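Remember, it's 1-based here, ligands and their atoms both numbered in the order they're listed. Keep in mind the model is a prediction, meaning the values are calculated, not measured.
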Amino acid sequence: MKLFLDIGNTAMKWRSRGVTGVEGGGWAHGRDWQPLVQRLAEQLGGGQVSELWVASVAGLEADQDLAQVLQQRLLARPQFYYSSAADAGVRNAYSEPERLGVDRWLAMIEVHGRHGEAVVIDCGSAMTVDAVTRAGEHLGGYIVPGVQMLRDSLFKGTARVRVTENVAPSVQLGRSTSACVEHGLRAMSVGFVEFAIGRCRAQLSAECPVYLTGGDAEWLRDSLPGGLLHDPDLVLDGFERVIAARNGEAP
Ligand SMILES: Nc1ncnc2c1ncn2[C@@H]1O[C@H](COP(=O)(O)OP(=O)(O)O)[C@@H](O)[C@H]1O
Ligand SMILES: CC(C)(COP(=O)(O)O)[C@@H](O)C(=O)NCCC(=O)O
Ligand SMILES: [K+]
């Protein structure tokens with residue numbers, strides 16, 4: 001089977017595809033490759049990996065370590081795919097295209113393939129925004145800390161700010177430390193996302209599709225305006241799209 005891995009800064013997402021279609025998928029959080037790959041191998045149930053594709057933003061050293069573990073445990077040569085100047089009809093806005101996170105690149109390729117023009121908001125370890133035009137031009141985007149990174153920085157940078165209880169989703173003024181943090185982080189995220197959508201739609205059509213993806217999309221989506229599309233699989237879908245095209249297969 002073909003195995004696709006999306007390696008972010010917190011989580012590894014995977015999908016296996018056999019001749020009859022998708023056979024499995026999942027995710028795991030962590031950076032210790034041995035146990036992560038061991039669990040993946042168990043979930044693959046011993047199936048032979050004919051092609052192993054990896055899209056990683058973990059950095060070159062981590063990629064080298066991961067490649068070794070994958071080769072040893074899955075007996076397949078990992079092929080790393082990185083952002084480029086152009087692929088699948090999308091042209092990268094970066095003058096150094098390989099510096100664009102490959103998760104952002106593949107998600108954009110996917111939404112462009114589905115709709116032409118679109119905005120992608122990935123609520124991951126970092127929160128990213130990207131806009132692509134109908135003609136496939138990447139207009140650029142934003143990178144800001146994800147909500148967990150924001151929480152961690154508050155806890156790290158203060159003596160007494162802690163979240164010590166469950167807080168229901170709200171952007172109302174908080175009346176405890178926990179509520180001030182959680183409502184504040186939500187308000188900050190909503191404010192940023194609404195601003196970003198406005199900026200992107202000013203350069204695209206006013207009703208262009210806006211996608212939410214990433215581990216924290218569920219946490220945020222109920223506080224955002226209606227009509228946003230939530231799809232956790234954009235990166236893997238985009239990955240399959242580019243590899244299928246490379247292999248001359250229909251997406
Ligand atoms: N089980 C979990 N373990 C760690 N983080 C999680 C988990 N579930 C959701 N998250 C949230 O998802 C974020 C990571 O986003 P995700 O898109 O899954 O990974 P990545 O940024 O590695 O692509 C974390 O920062 C955290 O806020
Ligand atoms: C911005 C990111 C860290 C987001 O990755 P994630 O939050 O999914 O781990 C990743 O896309 C990345 O490492 N980008 C490289 C820098 C750039 O895109 O400009
Ligand atoms: K990601």
Residue, atom name and distance, where the atom is the protein heavy atom closest to [atom]:
| atom | answer |
| --- | --- |
| atom 15 (O) of ligand 1 | Gly124 CA, 3.3 Å |
| atom 1 (C) of ligand 2 | Thr128 CG2, 3.6 Å |
| atom 26 (C) of ligand 1 | Asp216 OD2, 3.7 Å |
| atom 1 (N) of ligand 1 | His29 ND1, 3.4 Å |
| atom 13 (O) of ligand 2 | Val57 CB, 3.7 Å |
| atom 14 (C) of ligand 1 | Ser125 N, 3.8 Å |
| atom 17 (O) of ligand 1 | Gly215 N, 2.9 Å |
| atom 7 (O) of ligand 2 | Ala126 N, 2.8 Å |
| atom 15 (C) of ligand 2 | Arg99 O, 3.5 Å |

Q.
Can you see whether Trp53 has Arg15 sitting over its ring - NZ or CZ less than 6.0 Å from the centre and within 45° of the normal?
A. no

Residue [X] vicinity, atoms of ligand 2 by number, heavy atom under 4.0 Å:
| X | result |
| --- | --- |
| Ser125 | 7 (O), 9 (O) |
| Gly8 | 9 (O) |
| Arg104 | 11 (O), 17 (C), 18 (O), 19 (O) |
| Asn9 | 3 (C), 5 (O), 6 (P), 9 (O) |
| Tyr94 | 17 (C), 18 (O), 19 (O) |
| Leu100 | 18 (O) |

Q: Could you pull out the atom name of the N/O/S atom in Asp122 that is nearest the K ion (ligand 3)?
A: OD2

Q.
Looking only at N, O or S atoms, which one in Asp103 sits nearest to the K ion (ligand 3)?
A. OD2

Q: Report the member of Val235, Asp103, Thr213 with the shortest heavy-atom distance to atom 11 (O) of ligand 2.
A: Asp103

If you measure from [atom1] on [X] to [atom2] on [Y], what distance do you get to the nearest 0.5 Å?
| X | Y | atom1 | atom2 | answer |
| --- | --- | --- | --- | --- |
| Asp122 | Met108 | CG | CE | 11.0 Å |
| Arg221 | Ile121 | CZ | CD1 | 13.0 Å |
| Arg134 | Ser205 | CZ | OG | 6.5 Å |

(Q) Looking at ligand 1, would Met12 count as a contact under a 4.0 Å heavy-atom criterion? (A) no

Q) Would you find a donor on one side and an acceptor on the other, under 3.5 Å apart, between the side chain of Ser16 and the backbone of Leu3? A) no

**Q.** Donor-acceptor pair between Gln38 and Glu42 side chains, under 3.5 angstrom
**A.** yes

Heavy-atom contacts with [X] under 4.0 Å: which atoms of ligand 1 show up? List them by number with element.
| X | answer |
| --- | --- |
| Gln148 | 25 (O), 27 (O) |
| Gly214 | 17 (O) |
| Lys13 | 19 (O), 20 (P), 22 (O), 23 (O) |

Q. Which heavy atom of Ser83 sits nearest a heavy atom of Leu100, and at what distance?
A. OG-O, 2.6 Å

Q: Determine the minimum heavy-atom distance between Ala179 and Gly174, stating which atoms define it.
A: CB-CA, 3.8 Å

Q: Please state whether the separation between the K ion (ligand 3) and some N/O/S atom of Asp6 is under 3.4 Å?
A: no

Can you classify the ring geometry of [X] versus [Y] as parallel (below 30°), tilted (30 to 60°) or perpendicular (above 60°)?
| X | Y | value |
| --- | --- | --- |
| Phe192 | Tyr142 | perpendicular |
| His29 | Trp27 | perpendicular |
| Tyr81 | Phe239 | tilted |

Return a yes/no value for [X]: is any of its N or O atoms, backbone included, closer than 3.5 angstrom to an N or O of ligand 1?
| X | result |
| --- | --- |
| Thr10 | yes |
| Val147 | no |
| Asn9 | yes |
| Ala126 | no |

**Q.** Check ion pair Asp103-Lys13 (N to O, under 4.0 angstrom)
**A.** no

Q. Are Lys2 and Glu249 close enough for a salt bridge, meaning some N to O gap below 4.0 Å?
A. yes

Q: Flag Gly101 as yes when one of its N or O atoms lies below 3.5 Å from any N or O atom of ligand 2, and as no otherwise.
A: yes

Q | Part of Asp122 within contact of ligand 2 (heavy atoms, under 4.0 Å) | A | neither

Do [X] and [Y] come within less than 4.5 Å of each other through their side chains, counting heavy atoms only?
| X | Y | answer |
| --- | --- | --- |
| His183 | Val171 | no |
| Ser84 | Trp105 | yes |
| Asn92 | Asp87 | no |

Q: With side chain to side chain donor-acceptor pair (under 3.5 Å) as the test, would you mind laying out the steps for Arg186 and Ser223 before giving the verdict?
A: CA-CA 8 Å; Arg186 184 175 292 275; Ser223 304; 2.7 Å; yes

